[in-house]
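First the structure, in the form of C-alpha cells, and then the observations on it.
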Number of protein chains: 2
Amino acid sequence: MLKNVEFVDKLRSSGLRPTKQRLKICEVLFNRDKTFHFTINDLAKNISEKLNEKISLATVYNTVHAFKAKGYLKEISINSDRSYFDTNTKIHHHFFDEDTNELIDCDDDDIEKINVKKNITGKKINSVEVLIKVASDNQNQK
Amino acid sequence: MLKNVEFVDKLRSSGLRPTKQRLKICEVLFNRDKTFHFTINDLAKNISEKLNEKISLATVYNTVHAFKAKGYLKEISINSDRSYFDTNTKIHHHFFDEDTNELIDCDDDDIEKINVKKNITGKKINSVEVLIKVASDNQNQK
DNA sequence: TCAACAGTTTAGAATAGTTATAATGTAGTT
DNA sequence: AACTACATTATAACTATTCTAAACTGTTGA
Ligand SMILES: [Mn+2]
Ligand SMILES: [Mn+2]
Ligand SMILES: [Zn+2]
Ligand SMILES: [Zn+2]
C-alpha cells in the first residue's frame, strides 16, 4: 500500500522519470495488499475501463517492460499465446487452472524444498520453479 | 526406431490417414533413439533443408497439432514468443539454458519426488513439473 | 475396379500479440 | 525560459500462428 510520493521516489531511484502514466500504472499494479498476475491486455483494459484513463497501448507495453527490466515485475510463460506478468518477483511456484487459465501463487511451504541432484557443467542454476496444472475434478476434464 | 510400416499402423490406429507428409514427419520426429525438443520452425527447416522435401508450413502446423492431440507430442511454453514441442510426452522436468535457449530433459531421479501439500478445492492435479533455469557460470550473466 | 466421399494438403490471406517508428510532448537541469 | 534527454503516442510493421477455400488423395464399398 504505497502512496503516490513513494512511487515517485521508487521510479526516480531506478532512473525512470515519474510520469503521469507510470504513476497511474504503479497505482494499479502495486497499490494493493496482494501480489497478482495479469496480461498486458488485462492491464490496458483495467486502466481504460475502470479508471477511465487514456494510456496508449504502446506506453503500457513500454512501462511493463521497463518495470520488468528494473525487477518490479516478472514475466511468466504458461501459454504461448499471451504473456503473463507477476507482481510477485520472488522465485515461487504456481498452480495453473486449465479450466479458467488462472495462475495461482503457491506458498513456499506448500511444496517441500526441491533438491536438484544433477547440474549442467559450466552453468549455474538461476531458478527452480514448479508448475502444477490443475483442472476440474469431475467427469468432463478435457 | 520404428519403420515406415509401423508409422502407418500408428497413424491409422489413431484415426489419422497415413499420408506422405505425415509419414515423413513421423520419420523426422520419431525415428530416433532419444526424445528431443523442437519448434515448428526447426521442424519445417529440417524437412526442407536437410531432407529436401517440400511440405507446406500449414501442413507442418496441422500435423504437429494433430500429433499433439493424439498424445504423440507435448507442447512446452518457456518463452512467449515461440512454442516448443517435445517428443517425450511423459510428465517430466526440464533445464532451460538461458544462454542458448535450449531445453534439456531432466531424469526423474535427478529431482526428488515433489510433495505438494496444498490443493485447490474441486480441482485435481494433472501434472507437477519443474523448470530449472540455468545460465553461464562466469561473470557476464545477463 | 473405380466412383464417391471424407479427410488432407496447400498457398495465401487473415489474425493477434507485440515491437518499431518518428513525431510530439514533458521532466529535469541550467 | 530554454535546452535536452527521456517519454508518450498513433500508427505501421513484424511474426508466429490460424483460417480459408480450392485442389488433391486415401479409403471404402458397390
Ligand atoms: Mn507473438
Ligand atoms: Mn501470436
Ligand atoms: Zn506468481
Ligand atoms: Zn522434455
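The structure presented is a predicted model; accordingly, all values stated were derived computationally and were not measured. Below, chain A is the first sequence line, B the second, and so on; all start at residue 1.
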Query raised in the report: Is it the case that B/R32 places NZ or CZ above or below the six-membered ring of B/F36, under 6.0 angstrom from the centre and within 45 degrees of the axis?
Result: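 Output yes; distance and angle both within limits.
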Rounded to whole angstroms, how far apart are [atom1] on [X] and [atom2] on [N]?
X	N	atom1	atom2	value
A/K54	D/dA10	NZ	P	10 Å
A/L23	D/dA7	CG	P	13 Å
A/K45	C/dG17	NZ	P	10 Å
B/I47	C/dT10	CD1	C1'	14 Å
B/D81	C/dA20	CG	P	11 Å
B/L11	D/dT25	CG	P	18 Å
B/K24	C/dT10	NZ	P	13 Å
B/I55	D/dT25	CD1	C1'	15 Å

Report summary line: With B for base contact, S for sugar-phosphate-only contact and - for none (protein heavy atoms under 4.0 Å), nucleotides 22-30 of chain C reads -----BS--
Query raised in the report: So, A/D105 and A/H37: side-chain donor and acceptor under 3.5 Å apart, yes or no?
Result: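 Distance-only check passes for A/D105 and A/H37.
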Report task. Using distance alone, with no hydrogens and no angle criterion, decide if A/T59 and A/N62 have a side-chain donor and acceptor under 3.5 Å apart. Result ->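 The criterion, which ignores hydrogens and geometry beyond distance, is not satisfied for A/N62 and A/T59.
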Query - Members sharing A/V130's hydrophobic cluster (side chains within less than 4.5 Å) - result: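 A/F95, A/I104, A/I111, A/I114, A/V116, A/I120, A/I125, A/V128, A/I132, A/V134, B/F95, B/I104, B/I111, B/I114, B/V116, B/I120, B/I125, B/V128, B/V130, B/I132, B/V134, which link up through side-chain heavy atoms under 4.5 Å apart, make up the rest of the cluster.
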Query raised in the report: What are the residues of residues 56-70 of chain A, sorted by number, that bring a heavy atom to within less than 4.0 Å of DNA chain D?
Result: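 Those residues are A/S56, A/A58, A/T59, A/N62.
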Report task. Could you pull out the closest heavy-atom pair between B/A44 and B/L57, with the gap in Å? Result ->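 Heavy atoms only, the tightest pair is CB-CD1, 4.0 Å.
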Query raised in the report: Do A/E6 and A/D9 have side-chain heavy atoms sitting under 4.5 Å apart?
Result: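 A side-chain contact is absent here, since even the closest heavy-atom pair is not under 4.5 Å.
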Report task. Give the C-alpha distance, both sets of side-chain angles, the deciding distance and a yes or no for salt bridge (charged side-chain N to carboxylate O under 4.0 Å, His left out) between B/D97 and A/K123. Result -> CA-CA 8 Å; B/D97 186 330; A/K123 303 281 173 175; 2.9 Å; yes
Requested in this report: Please work out which of the three classes, parallel, tilted or perpendicular, describes the rings of A/F30 and A/Y72, given edges at 30° and 60°.
Outcome: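 Rings of A/Y72 and A/F30: perpendicular, as their planes differ by over 60°.
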Report task. Output yes when at least one side-chain N/O atom of A/R22 is less than 4.0 Å from OP1 or OP2 of D/dA7, else no. Result ->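 A/R22 to D/dA7 OP1/OP2: side-chain N or O found under 4.0 Å.
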Report task. Using only side-chain N and O atoms of A/Q21, determine if any of them is under 4.0 Å from OP1 or OP2 of D/dT9. Result ->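 Affirmative; the distance criterion is met.
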Requested in this report: Check the pair B/S56, B/Y61 against side-chain hydrogen bond (donor to acceptor under 3.5 Å, both in side chains), reporting the backbone distance first and the verdict last.
Outcome: CA-CA 9 Å; B/S56 157; B/Y61 272 96; over 6 Å; no
